[in-house]
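Every chain is numbered from 1, with letters handed out A, B, ... down the list of sequences.
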There are 2 protein chains.
Amino acid sequence: MSQQRTDSSASPVFPDLPEATVARLPEYLRALHGLAQEGHDTVSSEGLATAAGVNSAKLRKDLSHLGSYGTRGVGYDVALLITQIEAVLGLTKHRKVALVGIGNLGHALAGYGGFASRGFSVAALFDAERSQIGERIGTLVVRHIDELAEVVAAEGISIGVIATPARAAQQVADQLVGAGVTSILNFAPCVLNVPSGVDVRKVDLAVEMQILSFHEHRKALTALPVPPEQPAGEATGS
Amino acid sequence: MSQQRTDSSASPVFPDLPEATVARLPEYLRALHGLAQEGHDTVSSEGLATAAGVNSAKLRKDLSHLGSYGTRGVGYDVALLITQIEAVLGLTKHRKVALVGIGNLGHALAGYGGFASRGFSVAALFDAERSQIGERIGTLVVRHIDELAEVVAAEGISIGVIATPARAAQQVADQLVGAGVTSILNFAPCVLNVPSGVDVRKVDLAVEMQILSFHEHRKALTALPVPPEQPAGEATGS
DNA sequence: CGCGATTTGTGCGTGCGTTCACAAACGCAT
DNA sequence: ATGCGTTTGTGAACGCACGCACAAATCGCG
Ligand SMILES: NC(=O)c1ccc[n+]([C@@H]2O[C@H](COP(=O)([O-])OP(=O)(O)OC[C@H]3O[C@@H](n4cnc5c(N)ncnc54)[C@H](O)[C@@H]3O)[C@@H](O)[C@H]2O)c1
Ligand SMILES: NC(=O)c1ccc[n+]([C@@H]2O[C@H](COP(=O)([O-])OP(=O)(O)OC[C@H]3O[C@@H](n4cnc5c(N)ncnc54)[C@H](O)[C@@H]3O)[C@@H](O)[C@H]2O)c1
């Protein structure tokens, strides 16, 4: 009981933070870490926006949504802003991740340092193939998928990463959800059905490539098929 | 209505196709391939929308933007729609990809079959480390980054994938652009500056994880701190 | 202490994207 | 041929997001 109202710097709750803003906060955080590394104590919205690759007005509005602490005429305190954003994103609490599907991609993910550098730790690896079980990667050992529920409960894992073939992804997702996982990052190219309350994010390489392909196609079509309609045109160049 | 001449398989140009639509077309394409595999000749917007995980009205509007050929009362011809979308995305033309940074992630990408299954082929691998140069992965050999311009020109490569550490990414991007690459997929967690006319898409694992973290955080905060304000509450279940 | 330079926070207009809802179009049975 | 059920294509309303532009706030300095 006693929901202490945490007037000071406790976990703030932002139920109505725009999703577009949430998606940009990690970018700001990365840019801020870079600035801190370079010794900056404060940064203007313009400077931070440039480092994050966004419009400065958008950045200011984003930060204003979380009641940010900037100082007019000066800018934002880098260290304070890092703390604030990390609190909003819930990065103060270390979150454990289960990685399922230790194949081509799974091996790369398992050895990736980008998890730990933020507030995440890969706590367990799972696969279905006997040949993979028991393999040691870093400090972890690949376990059989049947142990998932047990390990998730024991380790307090809340996030699952799916790196299995697409045909196995839905079943794995079901198992993750059944084990108590409430967030899933899916690398398999397929849609996942999960109960409400479970968040799924998808990373699909093929989709990204095809979007690039479209723009390549468009560039090729708009650049070439503009033949000299008016051959009498004057200065066509510079 | 007013479908202009049905120049059967000519390349349609859609300069003003909404970006949100473009981003969903690959999903539709994947869903359509799955339906075709299952033997479906036609599919309703409702069925395809379900398979792609979107709203059916949104799907119909998306398809209408590319003057699609559906039949009222029946649905869409699966094979025809595949052809149409592939034409719009420019997938009829095979596109060659250069992969730079053959480390942890680069190895996984180099061996990934998802490229070839769509219209892409990894045509060259590059790294800067002597220890990597010369390694054979599949049918390709890792080459030194200094050969990039030469190989890109010789092979007709138009897309570059960056899988180097973040500190090297901007330099690699500059080299890619200098070599004539006009589309870049960036896995390094940093912003890239490129000239206009070059498209960059970014895949950032850490960002995805942090977005999931936010929702975990929010779920934890909104679930717990709702103490029995009204102890006389009735059915709270389901 | 006051003033100017600087930068934040935000009100507001605009455009994009999503969704509803329905008329038009189509196949099929009779 | 006609009517009926089905499904597409789209007009219209709505909401979100973006970015401009400016008032308010703060600092430094004379
Ligand atoms: N390799 C890449 O670069 C890459 C890139 C983007 C997306 N993907 C996607 O990621 C997924 C994995 O790709 P990959 O190249 O690592 O494939 P992979 O075949 O090398 O690895 C898949 C692994 O999943 C395991 N697996 C299969 N069914 C399982 C189950 N029910 N439970 C647990 N584990 C199971 C397999 O034993 C295997 O080890 C695929 O869906 C692929 O489309 C891969
Ligand atoms: N490993 C993952 O699962 C993963 C996931 C998401 C994102 N990433 C990101 O992808 C990138 C690569 O990750 P990784 O784990 O493969 O790192 P890695 O260190 O294993 O591989 C990086 C490779 O890039 C090469 N390289 C360095 N500078 C280069 C240059 N100037 N030109 C050409 N090659 C160069 C290195 O020699 C090395 O082989 C990183 O930015 C990382 O943050 C990795």
Subject >> Whole-Å gap separating P (C/dC16) and CG (B/Asp16) >> reply: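 Nearest whole value for this atom pair: 10 Å.
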Original post:
Among pairs that include at least one residue of residues 113-122 of chain B, which meet side-chain hydrogen bond (donor to acceptor under 3.5 Å, both in side chains), considering only residues two or more places apart or in two chains?
Top reply: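 Qualifying pairs: none.
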Original post:
Using a cut-off of 4.0 Å on non-hydrogen atoms, how would the nucleic acid contact of B/Ser68 be classed: base, sugar-phosphate, or nothing?
Top reply: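 Sugar-phosphate, no base atom in range.
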**OP:** For the pair B/Ile162 and B/Phe187, evaluate side-chain contact (heavy atoms from CB on, under 4.5 Å) and give the outcome as yes or no after the intermediate values.
**Re:** CA-CA 6 Å; B/Ile162 298 179; B/Phe187 284 91; over 6 Å; no
Original post:
Rounded to whole angstrom units, what separation is found between the NE2 atom of A/His65 and the C1' atom of C/dG9?
Top reply: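 These atoms are roughly 11 Å apart.
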Original post:
Side chain of A/Asp174, backbone of A/Gly178: donor and acceptor closer than 3.5 Å?
Top reply: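 Between the backbone of A/Gly178 and the side chain of A/Asp174 there is no qualifying donor-acceptor contact (under 3.5 Å).
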Original post:
Do A/Glu46 and A/Ser56 have side-chain N/O donor and acceptor atoms under 3.5 Å apart?
Top reply: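 Their side chains do contain a donor-acceptor pair, which is all the 3.5 Å distance test asks for.
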Original post:
So which of residues 53-63 of chain A are in contact with DNA chain C, with a heavy-atom cut-off of under 4.0 Å?
Top reply: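 Per residue number, the list reads A/Arg60, A/Lys61.
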Subject >> Step-by-step side-chain hydrogen bond (donor to acceptor under 3.5 Å, both in side chains) determination, B/Ser213 to A/Arg95 >> reply: CA-CA 8 Å; B/Ser213 174; A/Arg95 299 188 188 277; 3.0 Å; yes
**OP:** Check step by step if salt bridge (Lys or Arg N to Asp or Glu O under 4.0 Å) holds for A/Glu27 and B/Lys202.
**Re:** CA-CA 12 Å; A/Glu27 290 294 333; B/Lys202 186 179 160 192; 2.6 Å; yes
Subject >> Neighbours of DNA chain C within residues 69-80 of chain A, by heavy-atom distance under 4.0 Å >> reply: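 Residues of residues 69-80 of chain A under 4.0 Å from DNA chain C: A/Gly70, A/Thr71, A/Arg72, A/Gly73, A/Val74, A/Gly75, A/Tyr76.
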Original post:
Does the side chain of B/Glu19 come under 3.5 Å of the side chain of A/His215 through a donor N or O and an acceptor N or O?
Top reply: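 Yes - a donor-acceptor pair under 3.5 Å links their side chains.
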**OP:** May I ask you to check whether B/Ser68 and B/Gln84 show a side-chain donor-acceptor distance below 3.5 Å?
**Re:**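 No, B/Gln84 and B/Ser68 have no side-chain donor paired with an acceptor closer than 3.5 Å.
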Original post:
Please give, in whole Å, the distance from C/dT10 C1' to A/Leu66 CG?
Top reply: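 Computing the A/Leu66:CG to C/dT10:C1' distance gives 15 Å.
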Original post:
What integer distance in Å separates A/Gln84:CD from C/dT8:P?
Top reply: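 Interatomic distance, CD of A/Gln84 to P of C/dT8: 16 Å.
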**OP:** With heavy atoms under 4.0 Å as the rule, sort A/Glu19 into base, sugar-phosphate or nothing.
**Re:**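 Touches sugar-phosphate only.
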